[in-house]
Amino acid sequence: MTRERHYIPESRQREKPKSKYFAIGHSMKRVEDTRLLTGSGTYADDVSLPNMAHAAVLRSPHAHARIVSIDKSKAEALPGVICVMTGAEAAEVTGPCADFSSPPTTQHCIAVDKVRHVGEAVAAVVAESRYIAEDACELIEVEYDPLPVVVDLEEAVTSTGDAVLHPERGDTNVALQRTITFGAVDEDFAAADLVIERRLRWPRSGGTPIETVGATAHYDRGTGKFTIHANTSMYNYVGWLIAVSLKVDPHRLNIVPTDAGGSFGSKLFCHKVCTLAGTLARAAGRPVKYLEDRIDNMTSGDAHGSDRLYDAQLALKRDGTMLSMRLKVIDDYGAYFQYGVGQHGNAMAQVTGPYGITSVEVDLTAVLTNKCQQGAYRGFGSEVGNFVIERLVDAACEELGLDPVEMRRKNLIPKDAFPYIMPTGNMYDSGDYHAVLDEALGMIDLEGWRKKQAEARKEGRYIGIGISTCQERSVFSATEFWMWNPNETPGFTLSSSPESVSVNIDPTGKAFITLNAPFWGNSPETMAVQVLAEKLEMDPADISVGYADSDKGFNSSGPGGSRFTVMIAGAVSGAADVIREKMLRVASHMLEADPSDLEFRAGSIGVQGVPGKEKTLAEVALHAHYFRLDLPEDHDLTSGIDAAYVYDHPVTTMPSEDRSDLGIFYPIVGHMCHIPVVEVDVETGKVDFLDYVAVHDCGTMVNPMTLAGHVRGGTVNGIGSALYEHFHYDESGQLQNALLSDYLHPTLMETPVDIRVGHVETPSPFTEYGIKGGGEGGRMGAPPAIAAAIEDALKPLGVKVDSLPLTPKVLRGMIREAEANGGG
Amino acid sequence: MTTPRTVELVVNGERRAADAEPRTLLSDFLREGLGLTGTHVGCEHGVCGACTVLVDGQSVRSCLMLAVQAEGSEVRTIEGLGGADDMHPLQEAFWEKHGLQCGFCTPGMLMTAVELLESTPGAGMDEIREAISSNLCRCTGYQTIVEAVQAAAERMQGEGQ
Amino acid sequence: MKPPPFDYHCPETLDEALALLAEHGEAAKVLAGGQSLVPMLNLRAVHPEVLIDINRLPGLDHVRIEDGELRIGALARHRAVLESPAVREASPLMAAAYPYVSHGPIRNRGTLCGNLCHNDPASEMPAVALASDAEMMLQSASGARTVGAEEFFTGTLSTAAGADELLVEVRVPQAPAGQGAAFHEVSPRKGDFAYVAVGAVVSLSGGACSGARIVCAGVGDGPHRARAAEDALEGAAPGEGAFRQAAAAAADSIDPGEDFHADADYRRDLVRSLTRRALADAASRCH
């Protein structure tokens with residue numbers, strides 16, 4: 001269907017924001033917590049099936065090599081070993097792993113013929129215990145024929161011959177190259193007084209949750225059906241693709257979700273682990289558990305984050321007015337390409353940031369190298385865009401002698417401009433960016449810190465203040481996954497990404513909500529309970545929550561892209577409307593009043609304006625369950641009170657054929673302002689936080705306490721990305737830091753003592769109650785703000801920050817160079 | 001001898017016994033041998049702290065101790081702390097202060113905090129930060145964990161008086 | 001990441017333990033605190049045939065001052081050492097270094113003697129032992145011998161202890177009265193092994209520095225003593241100038257390796273700045 005350019009569909013919002021809420025907006029203690037606090041959660045490794053065996057994988061020590069031969073005889077002879085599978089053997093029964101790139105890139109759950117990164121599975125062992133399985137792995141003899149290794153993303157652009165990872169996709173490691181222009185870029189650059197240019201490097205890091213990925217699979221020979229328990233997501237969205245890999249019909253695979261011990265994007269799908277466990281269980285004839293160990297997860301978890309080199313330009317007027325951007329980016333995707341360049345689809349949602357820039361050109365080159373492939377990590381590519389644009393803005397301030405705060409104030413989109421269509425065609429639904437900036441400035445005492453900074457400099461101490469004003473697009477729509485694909489091979493151009501719930505009211509009037517996507521570490525149960533309590537004016541304590549497996553689940557895309565709270569609010573709200581309608585109908589008979597004269601009161605339904613004339617929800621529910629036939633004739637009124645509701649994305653339009661307009665695909669847009677104050681020890685390169693303010697606008701807050709938790713946690717992830725975390729591959733493609741002793745998650749001591757969180761609430765006109773997503777924001781705002789603060793601290797030395805992470809070695813190296821050049 | 005032997009110990013006040021190979025890690029023994037899956041395993045090299053339990057009153061990484069070494073010891077795990085109906089003040093405080101999100105590091109955090117507050121009643125900010133810095137949390141940013149331990153310390157002091 | 005199979009012995013007497021060591025030699029590993037050994041087992045970086053668990057040996061967990069020496073037994077845990085008043089009295093340098101050693105749960109199990117025998121080049125305590133002229137009391141079935149720190153640390157993860165020998169005690173001479181000590185470290189995160197650590201002790205006599213010891217960790221294949229820096233300081237008036245000069249000499253005295261955490265230039269920079277800071281602190285603590 002063709003629509004006019006920049007068409008904005010009518011809002012489907014049913015619940016308007018309110019001035020006073022019953023349950024929403026309260027910092028309610030979480031519903032999820034009692035089981036987690038008592039050791040009663042069920043995480044992937046807590047699943048145990050009768051007669052269960054355990055698997056381990058033999059990992060490739062080579063980054064790129066042909067597998068010449070595998071001798072598994074010694075491993076098979078080891079007592080306690082049930083079976084040993086090579087990639088070739090697995091491929092006889094199991095197809096390639098799910099993949100969303102176009103043209104597709106073939107990945108097997110155990111490598112076939114060739115390994116493409118260190119840590120890739122070469123064989124798998126099933127044994128009576130994990131210990132024995134690992135013993136057997138040591139006995140497998142593999143002969144490799146090493147191939148040229150590609151680790152540098154610029155070199156990958158020109159790879160040929162044996163250095164090409166997937167020759168079937170063509171004689172190149174360039175997986176996708178495309179330039180898209182939005183608006184009058186050339187004209188805007190021609191009209192500019194100044195063009196800022198920076199070469200910026202964003203490093204490869206990853207969500208790396210404390211719990212790895214695991215699956216326990218059972219193949220029932222009697223029914224030909226798989227059951228797989230796993231800490232995966234999207235199992236009620238695209239989980240059936242695992243059945244395709246296992247070569248059974250989707251109805252012969254039931255995926256049962258476990259609690260996930262953190263994801264941060266990394267457990268978005270986890271199809272490889274599920275496919276491997278299923279393959280091994282069928283071969284072993286017994287239930288098999290495969291849990292990644294830490295090295296499996298770091299080297300082969302398919303969840304490394306963006307790894308980009310930008311040549312970025314910002315065109316401005318002398319007065320600081322931002323006009324246009326040109327971004328030339330190479331992104332190192334690693335050895336496979338599971339989500340295509342979905343991360344760049346994502347980044348297009350807010351590529352020009354919160355500023356009134358009217359045109360942009362993006363030249364994207366995605367390359368394949370001998371590293372673990374990319375997946376999702378909190379921000380899914382947009383966090384990099386935030387870093388790039390904020391670095392350009394700060395550079396422009398430096399060049400033009402403008403104050404970073406005033407520069408932003410001047411260019412932020414004004415609050416009367418919403419809904420705002422940004423150059424790529426995505427919509428920013430609403431916002432008050434100046435209010436967020438003012439709130440943050442009100443919290444930080446900028447003047448006081450500037451004074452302290454000046455005094456400290458006299459003592460040879462280096463204090464710096466940084467600021468970022470960034471977008472947090474939320475509520476993804478599926479088009480981001482394919483909009484960059486070649487027009488001739490766009491792939492599977494799906495457009496739906498719904499979320500669903502079902503609600504049952506029991507005979508005593510209490511509610512049970514079934515979610516169709518997993519617990520990921522966020523607060524889906526609490527969110528659902530608060531929204532349902534709001535809708536039915538119920539005591540939240542009377543609502544409990546469970547999770548449907550894929551046999552019973554409805555279409556649900558699951559958490560990701562800061563969508564879950566908005567989407568389940570829509571689904572709960574829709575289901576609750578059905579429940580309300582039915583309860584009113586039953587109550588109207590019981591109270592002998594017209595349904596339109598009734599209202600929900602805390603815990604009851606009563607006749608408006610007649611105090612005391614009411615029935616409790618329990619009375620209504622009991623009646624609906626057991627005394628339906630006592631009621632007068634009422635066509636279609638059946639016993640019980642149940643509802644299921646599938647909520648589609650609140651506002652999506654399709655990309656244009658030529659991609660000059662990407663359509664509305666990530667429109668529920670939050671905003672944030674981060675202001676860290678740091679001190680840099682110029683002798684050691686260590687960075688300390690002296691203060692940290694983070695103000696977020698995620699629309700209507702369902703639970704301020706859990707939202708603040710996301711902001712703080714995300715900010716610390718951002719501190720990790722800015723200062724500590726980097727998957728370091730050496731020239732031979734060895735991952736140097738596959739352990740948590742070397743891959744440096746910040747500990748408490750590396751984080752600010754108090755991340756002071758502020759909130760502004762600009763409700764969305766498109767979502768239920770005006771809720772926006774807030775799950776990723778912290779990590780999307782912290783890195784550019786920290787980079788700016790460090791650059792500000794080192795201003796007397798003239799140090800420029802163009803790459804992350806700023807580890808002590810790196811920072812000290814930059815300072816040393818500046819000192820040698822006469823800085824300081 | 002690589003052959004399994006019976007390990008006898010007291011876990012959460014209860015005498016328990018199960019077989020373990022000498023190489024069996026205490027973490028695996030608790031989880032698989034005794035069915036106490038509340039103790040989590042995150043890294044198996046002693047860094048993350050998710051597997052922290054108390055052995056004879058002291059916090060240890062159960063992934064860095066062999067089960068056979070715990071013979072005759074008194075082990076405390078998250079399962080011994082309190083249930084939903086009789087939460088320990090630390091569990092209550094973690095709940096109230098939102099000191100957890102995914103909950104995977106939580107048992108290790110709680111046991112670390114139990115050791116601190118039992119050995120140093122009324123522990124101050126510096127002691128709490130020092131103790132909590134031994135464990136990784138990827139969700140919370142730590143701040144609310146510190147607040148929770150502080151709140152529990154105050155509550156336990158109040159109860160003790 | 002599970003340990004490979006091994007034979008396990010848990011001797012109840014020292015003689016029994018030494019007999020097992022004599023019998024198995026290179027094929028055996030001694031399990032004390034296990035905080036370095038068990039991760040290596042889990043990673044299958046080592047495959048010992050035999051593990052000799054010394055945790056049940058009696059009488060080896062002491063931390064006490066005797067005959068002008070601080071004596072710390074094979075089973076004294078880091079925590080016990082850290083909290084011991086004897087250590088604060090006899091070795092202010094060790095006391096200053098201990099806050100940098102790992103974290104609570106690791107300190108609860110890990111032992112000082114095990115830490116010394118492991119000799120990780122980025123570890124704090126070998127440097128402290130070297131600065132303090134510590135003596136290692138080694139025992140085997142065939143006898144006992146004493147090895148000075150200077151000879152004991154022979155290279156990355158290697159020491160002079162024979163395969164049949166057990167480090168039963170470390171003896172640290174009591175620091176001279178009035179000596180000041182300080183320890184500075186930069187590590188990736190709190191509690192991690194050092195990028196570089198510098199320990200310094202110095203005395204003041206007649207307004208001049210004397211008897212300084214300056215040691216570094218994280219700069220090579222084991223603890224490093226910066227003798228040139230010590231010499232530069234001897235007889236100098238304490239102050240920024242002297243400390244800078246000594247720091248420069250310390251930085252010149254190392255030939256550090258390089259890994260992705262830290263390159264040689266960075267390590268040299270750290271030795272320079274940390275030496276200066278440590279000397280200034282140590283001098284300020286002289287009394």
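Note on naming: letters A, B, ... go to the chains in the order of the sequence lines (proteins, then strands), and numbering restarts at 1 for each one.
A donor-acceptor contact closer than 3.5 angstrom links the side chains of A:Thr208 and B:Arg138.
Heavy-atom minimum distance, A:Leu36 versus B:Cys102: CD1-O, 3.7 Å. In this structure, B:Cys48 and A:Leu740 approach most closely via the heavy-atom pair CB-CD1, 4.0 Å.
Contacts of B:Leu36 with chain A are absent, with no heavy-atom separation under 4.5 Å from either backbone or side chain. Both the backbone and the side chain of A:Ser741 come within less than 4.5 Å of a heavy atom in chain B. When heavy atoms are compared at a cutoff of 4.5 Å, B:Thr144 approaches chain A solely by way of its side chain, counted from C-beta outward. Looking at B:Ala50, the atoms closer than 4.5 Å to chain A (heavy atoms on both sides) all sit in the side chain, from C-beta outward. Contact annotation for A:Thr706: both backbone and side-chain heavy atoms come within less than 4.5 Å of a heavy atom of chain B. Heavy atoms of B:Glu44 lying under 4.5 Å from chain A belong exclusively to its side chain. With a 4.5 Å cut-off on non-hydrogen atoms, A:Asp754 touches chain B through its backbone and its side chain both. Looking at A:Tyr131, both its backbone and its side chain come within 4.5 Å of chain B, counting heavy atoms on both sides. Residue B:Ser134 does not touch chain A at all, counting heavy-atom pairs closer than 4.5 Å. Only the side chain of B:Leu110 comes within contact range of chain A, judged by heavy atoms closer than 4.5 Å. No part of B:Met109 comes within reach of chain A, as not one of its non-hydrogen atoms sits under 4.5 angstrom from that chain. With a threshold of 4.5 angstrom between heavy atoms, B:Gln91 approaches chain A through its backbone and through its side chain.
Per-residue heavy-atom pair counts under 4.5 Å with chain B were compared for A:Val716, A:Ile210, A:Thr34, and the maximum is reached by A:Ile210. Most heavy-atom pairs under 4.5 Å with chain B, from the set A:Val753, A:Thr715, A:Ile295: that is A:Val753. Counting heavy-atom pairs under 4.5 Å between each of A:Gly207, A:Ala260, A:Ser129 and chain B puts A:Gly207 at the top.
With hydrogens and angles disregarded, no donor-acceptor distance shorter than 3.5 Å links the side chain of B:His98 to the backbone of A:Gly709. Side-chain N or O atoms of B:Tyr142 include one that pairs as donor or acceptor with a backbone N or O of A:Pro746 at under 3.5 Å. Looking at B:Trp95, its side chain does come within 3.5 Å of a backbone N or O of A:Arg30 through a donor-acceptor pair.
In this structure, B:Arg31 pairs ionically with A:Asp45, as a charged nitrogen and a carboxylate oxygen lie closer than 4.0 Å.
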